[in-house]
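Shown next, in structure tokens, is the structure this report addresses.
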Amino acid sequence: MMSSSVISSEGGVISIYGTGVELHVPPGALQDENLIQLKILPHHENDTPAKCFEDHSTVMVEVFPNKLTLLQPASLFLPHCLKIKSVKECDVRVFQSHHTQDQEPLWEDVTWRVQYLLSDIRCEIKIQEFCWIKYSIKGAQVEAKRLLLYAVGKKCKEDSKCVTVHVGYCLDLPHENKVGVLISM
């Protein structure tokens, strides 16, 4: 999932429709017109559904052009699917990576140098340069996750009354396609 827009020194907003991912660039943050792109990145292909479920990281995005430095911070809004005990007491970690398309992300914890504001549905992160970015929330503060459930069935044979049923889930996040099978019978 991706969105792009030309943003000038007057600032602007770019969002990925229906996902809650938004970038608000304030007036004066850019000197010239730039083609800005937001791209939601899927969780690592090698992660198992169980690993993705245990992980309290959220949507990962890439903001293009990589390493573009802003004159003023922009606000990046990233949703999460977590029910949090106390937003004010959360241990939030913000990570960024600068790497090429062919490399694995090298996540650096930049929590100490960025401002963020966590709410019940998303986190606003102030960014000074464009890169890959994500955040995570310490597990002790997470009570539950919003999930999307599915069930599918298929007849075993044409003349049979037997049906194979698969029930599973995925996290209620944009571009989340890692499915964990709960029941297969």
Side-chain angles (χ1 to χ4, degrees), residues 1-7 11-26 29-32 34-82 84 90-119 121-142 145 170-179:
M1 302 174 105
M2 186 175 196
S3 184
S4 61
S5 181
V6 174
I7 297 181
V13 175
I14 181 172
S15 64
I16 301 176
Y17 179 78
T19 66
V21 174
E22 298 177 1
L23 178 67
H24 295 235
V25 180
L30 296 168
Q31 286 183 333
D32 304 312
N34 285 275
L35 176 63
I36 308 299
Q37 296 177 309
L38 278 177
K39 180 180 180 183
I40 297 175
L41 304 164
H43 285 281
H44 192 277
E45 296 299 321
N46 295 328
D47 285 349
T48 63
K51 168 73 172 96
C52 288
F53 188 78
E54 291 170 6
D55 186 13
H56 296 311
S57 65
T58 56
V59 174
M60 290 184 285
V61 296
E62 184 172 13
V63 187
F64 297 96
N66 192 21
K67 297 185 181 179
L68 175 67
T69 301
L70 303 173
L71 301 173
Q72 300 178 48
S75 293
L76 178 64
F77 294 91
L78 300 177
H80 62 76
C81 65
L82 308 173
I84 300 169
C90 271
D91 182 10
V92 175
R93 295 281 177 247
V94 178
F95 300 92
Q96 74 177 24
S97 178
H98 293 288
H99 61 282
T100 64
Q101 285 298 101
D102 300 335
Q103 295 177 322
E104 289 292 317
L106 299 171
W107 294 109
E108 175 189 3
D109 186 338
V110 295
T111 308
W112 60 274
R113 67 175 173 178
V114 298
Q115 294 178 335
Y116 64 86
L117 179 60
L118 183 67
S119 76
I121 59 169
R122 67 184 187 177
C123 188
E124 175 187 1
I125 302 168
K126 298 287 189 177
I127 61 172
Q128 195 74 45
E129 63 182 346
F130 292 173
C131 55
W132 287 37
I133 194 158
K134 69 177 182 174
Y135 68 100
S136 66
I137 298 169
K138 192 167 186 162
Q141 294 298 323
V142 177
K145 293 185 180 190
C170 64
L171 299 177
D172 187 11
L173 287 172
H175 207 289
E176 188 60 45
N177 57 9
K178 288 285 185 189
V179 174

For the side chain of Q128 and the backbone of L70, is there at least one donor-acceptor N/O pair under 3.5 Å apart?
-> yes

Backbone N/O of D32 and side chain of N34: donor-acceptor pair under 3.5 Å | yes

Could you grab the distance from atom CZ of F95 to atom CD of E108, nearest 0.5 Å is fine?
-> 10.5 Å

Are R93 and W107 close enough that some pair of their side-chain heavy atoms sits under 4.5 Å apart?
-> no

Between L35 and S4, what is the shortest heavy-atom contact and its length?
-> CD1-CB, 4.1 Å

Would one find more than 12 heavy atoms of other residues, nucleotides or ligands at under 6.0 Å from atom CD of Q115?
-> no

Minimal non-hydrogen separation, S97 against C131, with atom names = O-CB, 3.5 Å

Take I84 and L118 through the test side chain to side chain contact (heavy atoms under 4.5 Å, CB included) and record every step on the way to the result.
-> CA-CA 10 Å; I84 300 169; L118 183 67; 3.9 Å; yes

Atom CH2 of W132 and atom CG of L106: how far apart are they, to the nearest 0.5 Å?
-> 10.5 Å

Look only at the side chain of H80 and the backbone of S119, and say whether a donor-acceptor pair between them is shorter than 3.5 Å.
-> yes

Can you see which heavy atom on G12 is nearest to which on I7, and at what distance?
-> N-CG2, 3.8 Å

Over all atoms of both residues, closest heavy-atom pair of V13 and H24 = CG2-ND1, 3.7 Å

From I16 CD1 over to Q37 CD, what is the distance, rounded to the nearest 0.5 angstrom?
-> 10.0 Å

Supply the atom-to-atom distance S136 OG to L82 CG, rounded to the nearest 0.5 angstrom.
-> 10.0 Å

Start with the C-alpha distance between V114 and K126, add both sets of side-chain angles, then the distance that settles side chain to side chain contact (heavy atoms under 4.5 Å, CB included), and finish with yes or no.
-> CA-CA 6 Å; V114 298; K126 298 287 189 177; 5.7 Å; no

Do the non-hydrogen side-chain atoms of V110 and I133 ever get within less than 4.5 Å of each other?
-> no

Between the side chain of S3 and the main-chain N/O of L38, is any donor-acceptor distance below 3.5 Å?
-> no

Taking all heavy atoms of F77 and all of S75, pick out the closest pair and write down the distance.
-> CE1-CB, 3.7 Å

Exam field: side chain T111 to backbone V94, donor-acceptor pair closer than 3.5 Å | yes

Can you see which heavy atom on P65 is nearest to which on F130, and at what distance?
-> O-CB, 3.2 Å

To the nearest 0.5 Å, atom CD of E129 lies from atom CD of Q96 at 5.0 Å

From CA spacing to verdict: side chain to side chain contact (heavy atoms under 4.5 Å, CB included), L68, L30 | CA-CA 9 Å; L68 175 67; L30 296 168; 3.8 Å; yes

Interatomic distance, OG1@T19 vs CZ@R122, rounded to 0.5 Å, equals 10.5 Å

Should V21 and P79 count as side-chain neighbours, where that means a heavy-atom distance under 4.5 Å?
-> yes

Are the side chain of Y135 and the backbone of L78 linked by a donor-acceptor contact shorter than 3.5 Å?
-> yes

Could you walk me through whether V25 and I36 pass side chain to side chain contact (heavy atoms under 4.5 Å, CB included), step by step?
-> CA-CA 10 Å; V25 180; I36 308 299; 5.5 Å; no

